[in-house]
Amino acid sequence: MVETRIVDACKKAGRSRSEVTLVAVSKRHPFAAVLEAYDAGLRDFGENYAQELTEKSALSDLPDVRWHMIGHLQRNKCRDVVPIAHMIHTADTLRLGEAIARHATACGRDASVLVQVNVGGEAQKEGCHPHELAALLEQLRSLSSLVVRGLMTVPPVATDEHPASRYFEALASLRDRHGGATALPELSMGMTVDLEAAIAAGATIVRVGTAIFGER
Ligand SMILES: *Cc1c(COP(=O)(O)O)cnc(C)c1O
């Protein structure tokens, strides 16, 4: 049970359960699964695809559901996603940030974003490179209607030599070097296989799909 795993991991890390938000990743599961999880008390849901996020959010007007965009966001999808997303975890370029900010301004509210960082420096992966982070943060912070709340990462597949904890610690230390928890309160990291390691390293948001909804 995911909740038990989170509680145990927080205890082990000497952290309070209230410091960690569980985002239930409902991608490729039907809306009925979202409703079931909602009835079980979950309120934060994550989707990878703009269309799926838009469709599912339109199926209900549950006022206290918070939708998280956790997949790569194309600029031409910002019009649909920005009005409904509680948080966009995948801001990784200035151009995307500008598109998010433009639509947030049009909606008359601020958009909360996390900057996705490619901590493993993988060639094909989304996210800004660690050495680009300082400049990107500065540029994003200059945009109105856009608030940078923290950092997010999807680490490389873990191996014995390079366990996930190493990448989570890398993200936490990037945060420390770019203003710390005051400037960047949220660290979105950790999935079904590695949420314990993420919480140990300071995750404030874990994104869990399989352990809640089963295999996709
Ligand atoms: C699918 C996905 C998750 C959830 O992964 P599980 O292994 O099913 O827990 C978390 N974050 C991102 C970015 C994802 O794409």
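We count ligands from 1, going down the list as the structure has it; atoms in each ligand are counted the same way.
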> Hey, what do you get for CD (E36) to NE2 (H29), rounding to the nearest 0.5 Å?
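So the gap between those two atoms works out to 11.5 Å.
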> Please report which non-hydrogen protein atom sits nearest to atom 8 (O) of ligand 1, along with the residue it belongs to and the distance in Å to one decimal place.
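Protein heavy atom with the smallest distance to atom 8 (O) of ligand 1: T210 OG1, 2.6 Å.
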> If you draw the axis of the six-membered ring of Y38, does the NZ or CZ of R43 fall within 45° of it and under 6.0 Å from the ring centre?
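Ring-cation test returns yes.
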> Going by the rule side-chain contact (heavy atoms from CB on, under 4.5 Å), which residues pair with Q74 if we only count those two or more places apart in sequence or in a different chain?
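Expected list: H72, N76, K77.
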> Counting each atom of ligand 1 from 1 as listed, which ones have a heavy atom of R207 under 4.0 Å away?
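Counting atoms of ligand 1 from 1, those under 4.0 Å from R207 are 4 (C), 9 (O), 10 (C), 11 (N), 12 (C), 13 (C).
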> Can you list the residues that meet the salt bridge (Lys or Arg N to Asp or Glu O under 4.0 Å) rule with E3, with sequence neighbours excluded?
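Partners of E3 under the salt bridge (Lys or Arg N to Asp or Glu O under 4.0 Å) test: R17.
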> Could you check V82, I100, V113 and say which one makes a side chain to side chain contact (heavy atoms under 4.5 Å, CB included) with L73?
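Of the listed options, the one satisfying the test is I100.
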> Counting heavy atoms only, which of E215, M191, M69 comes nearest to atom 10 (C) of ligand 1?
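The option holding the nearest heavy atom is M191.
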> Just which atoms of ligand 1 are under 4.0 Å from any heavy atom in V208?
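In order of number, 9 (O).
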> May I ask you to identify, for T192, whether its side chain, its backbone, both or neither come under 4.0 Å of ligand 1 on a heavy-atom basis?
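Both of them.
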> Answer with side chain, backbone, both or neither: which part of I70 has a heavy atom less than 4.0 angstrom from an atom of ligand 1?
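Both the backbone and the side chain of I70 come within reach of ligand 1.
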> Taking only heavy atoms of V154 into account, list the atoms of ligand 1 that are under 4.0 Å away from them.
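What qualifies from ligand 1 is 13 (C).
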> Is there a heavy atom in H89 that sits closer than 4.0 Å to ligand 1?
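So H89 does not count as touching ligand 1.
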> Taking R102 first and then E98, would you say they form a salt bridge - that is, a charged N and a carboxylate O separated by under 4.0 Å?
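No, R102 and E98 are not salt-bridged.
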> Just which atoms of ligand 1 are under 4.0 Å from any heavy atom in K27?
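Heavy-atom distances to K27 below 4.0 Å select 1 (C), 2 (C), 3 (C), 14 (C), 15 (O).
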> Just which atoms of ligand 1 are under 4.0 Å from any heavy atom in N48?
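Those of ligand 1 that fall under 4.0 Å from N48 are 14 (C), 15 (O).
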> Are R5 and E196 within salt-bridge range, i.e. N to O under 4.0 Å?
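Salt bridge present between R5 and E196.
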